[in-house]
Structures are given as structure tokens and as C-alpha cells.
Amino acid sequence: MDGPAGEGAAPPAKSGIELAREALAQAKADALKRGTLPGQGGRRKGGAKPARVRDPGRGGDPKAFGAAIRELMATRGWEQRAAVGGVFGNWAGIVGPELAEHTRPERFEDGELTVAADSTTWATQLRLLSSTLVRRLNEELGHGTVRRVKVVGPASGPRRTGGWRVR
């Protein structure tokens with residue numbers, strides 16, 4: 001044994017909280033020696049923080065996600081394409097489930113929406129409804145976005161010519 005009690009015995013181990021407090025006190029003392037204020041991000045006593053120059057395309061206050069996306073789409077000119085994509089995704093909600101079951105939008109170019117029908121009957125039905133559909137789509141997308149609905153029927157192969165033709 002090591003002689004009388006207390007001689008050569010290690011001091012009791014410090015807890016994590018005590019170690020953290022000591023480290024914080026040491027950091028504060030070091031900061032004061034350097035002339036900075038603790039907790040102020042390196043700001044020196046008595047000195048003003050230099051003004052930050054912001055990159056014009058970045059920064060600013062935080063925005064709601066929806067507002068940020070709308071602003072991005074507006075600056076890039078994507079609003080109309082996104083709205084048309086929404087029409088393609090919500091076709092059944094716009095034309096109704098029965099018509100949507102037999103038709104589908106194919107493309108949108110220069111104010112013309114091309115819609116394919118799975119039969120000539122449904123193509124005819126859609127042609128009869130085309131003015132109503134243009135009005136409904138412009139309510140969704142903004143006035144004048146859709147000028148015309150072009151309806152295409154089912155694709156049948158090219159007609160054969162020859163001896164089997166009726167004269």
C-alpha cells in the first residue's frame with residue numbers, strides 16, 4: 001500500500017459537465033485576451049463589424065417554399081410550362097373521369113393542345129366539346145394560353161392501294 005490515506009491517491013474523476021464548464025471558462029478567458037467578445041462571432045470590442053456585400057442573386061431573408069418556387073419559375077419563365085404540366089397531370093379533374101378514360105393530352109405548342117382519343121367516337125365527342133374545353137383550360141392556365149384544341153383519333157395504318165379497292 002501507499003502509506004497514509006490520501007498520499008499518492010488520484011483525485012476523483014471530473015464529470016462531463018464539470019469538464020465542459022472548465023473548457024467554456026478557458027475559451028472565454030482566451031477570447032477576452034484576444035480582445036473579442038465571447039458569443040459575438042469574433043466581433044472585436046469597440047469595433048464595428050464590417051458591412052457584408054451580398055451577392056445580388058443570393059441571400060436575403062428566408063422565404064416560404066411555395067413563394068420561393070413561384071419566384072424561381074417567374075424569373076426563369078417556367079410558369080406556363082408548369083401550368084400545362086399540371087393540366088396533363090390533372091386531366092381527369094379537368095375533363096371528367098369518363099372523358100379522361102378515353103382521351104389523353106399529348107403535347108402543347110404555340111397555344112395548341114393536341115389530345116389523342118382512343119376511338120373515333122370519343123374523338124368526335126371531344127371535337128364537339130373543344131370550345132368548352134378551351135374555355136375551361138384558360139380558366140386553369142390564364143386567359144389566352146390555349147387558343148385551340150386539336151383532336152387526333154386512333155392511329156390506323158396507311159391505307160393500302162391496289163386491287164381490293166372499291167371503285
Side-chain angles (χ1 to χ4, degrees), residues 16-17 20 23-24 27-28 31 34 36-45 47-167:
I17 292 176
L24 179 61
K28 284 181 178 180
R34 288 191 309 268
T36 59
L37 300 172
Q40 300 298 316
R43 195 176 303 166
R44 299 202 173 267
K45 286 184 189 178
K49 187 175 181 180
R52 249 178 60 188
V53 177
R54 288 193 179 269
D55 180 9
R58 306 226 354 139
D61 292 333
K63 295 179 185 174
F65 183 72
I69 292 296
R70 281 190 295 278
E71 183 179 310
L72 174 68
M73 288 173 39
T75 58
R76 303 277 171 104
W78 295 342
E79 296 122 326
Q80 185 177 10
R81 286 191 285 177
V84 170
V87 167
F88 280 45
N90 188 28
W91 184 245
I94 293 169
V95 299
E98 188 177 17
L99 191 59
E101 191 175 320
H102 300 282
T103 62
R104 71 183 179 288
E106 295 226 318
R107 70 181 157 275
F108 178 80
E109 292 174 354
D110 300 324
E112 182 179 87
L113 176 67
T114 304
V115 181
D118 63 4
S119 71
T120 55
T121 306
W122 284 105
T124 302
Q125 179 70 21
L126 193 58
R127 283 185 191 103
L128 292 171
L129 294 172
S130 65
S131 62
T132 305
L133 184 56
V134 167
R135 189 182 77 243
R136 175 76 172 98
L137 288 168
N138 282 325
E139 288 172 5
E140 290 282 324
L141 302 173
H143 182 68
T145 303
V146 178
R147 293 187 306 272
R148 179 174 180 247
V149 173
K150 177 181 174 184
V151 181
V152 293
S156 60
R159 295 184 180 223
R160 292 182 12 187
T161 60
W164 295 97
R165 226 172 40 181
V166 175
R167 294 182 199 241

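Within the 3.5 Å criterion, the main-chain N or O of Val95 finds no donor-acceptor partner in the side chain of Arg136. For the pair Arg104 (side chain) and Asp118 (backbone), a donor-acceptor distance under 3.5 Å is absent.
Here the closest non-hydrogen pair linking Arg147 and Gly144 is CG-O, 4.0 Å. Closest approach of Phe108 to Val146, counting heavy atoms only: CE1-CG2, 3.8 Å. Nearest approach of Ala100 to Ala92, heavy atoms of both residues: CB-CA, 3.5 Å. The minimum heavy-atom distance linking Thr120 with Pro154 is given by the pair N-CD, 3.7 Å. Taking all atoms of both residues into account, the shortest heavy-atom contact from Leu113 to Pro105 is CD1-CB, 4.2 Å.
To the nearest 0.5 Å, atoms NE2 (His143) and CZ (Arg135) are separated by 12.5 Å. Atom CD of Glu98 and atom OG1 of Thr103 lie 10.5 Å apart (nearest 0.5 Å). Rounded to the nearest 0.5 angstrom, Thr121 OG1 and Leu126 CG are separated by 12.5 Å.
Contacts of Arg148 classified as side chain to side chain donor-acceptor pair (under 3.5 Å), with partners at least two apart in sequence or in another chain: Glu112. Under the side chain to side chain donor-acceptor pair (under 3.5 Å) criterion, Glu71 pairs with Lys63, sequence neighbours left out. Under the rule for a ring pair (Phe, Tyr, Trp, His ring centres under 6.0 Å), the partners of Trp122 that lie at least two apart in sequence or sit in another chain are His102.
Using a 4.5 Å cut-off on side-chain heavy atoms (C-beta onward), Leu99 and Leu129 make contact.
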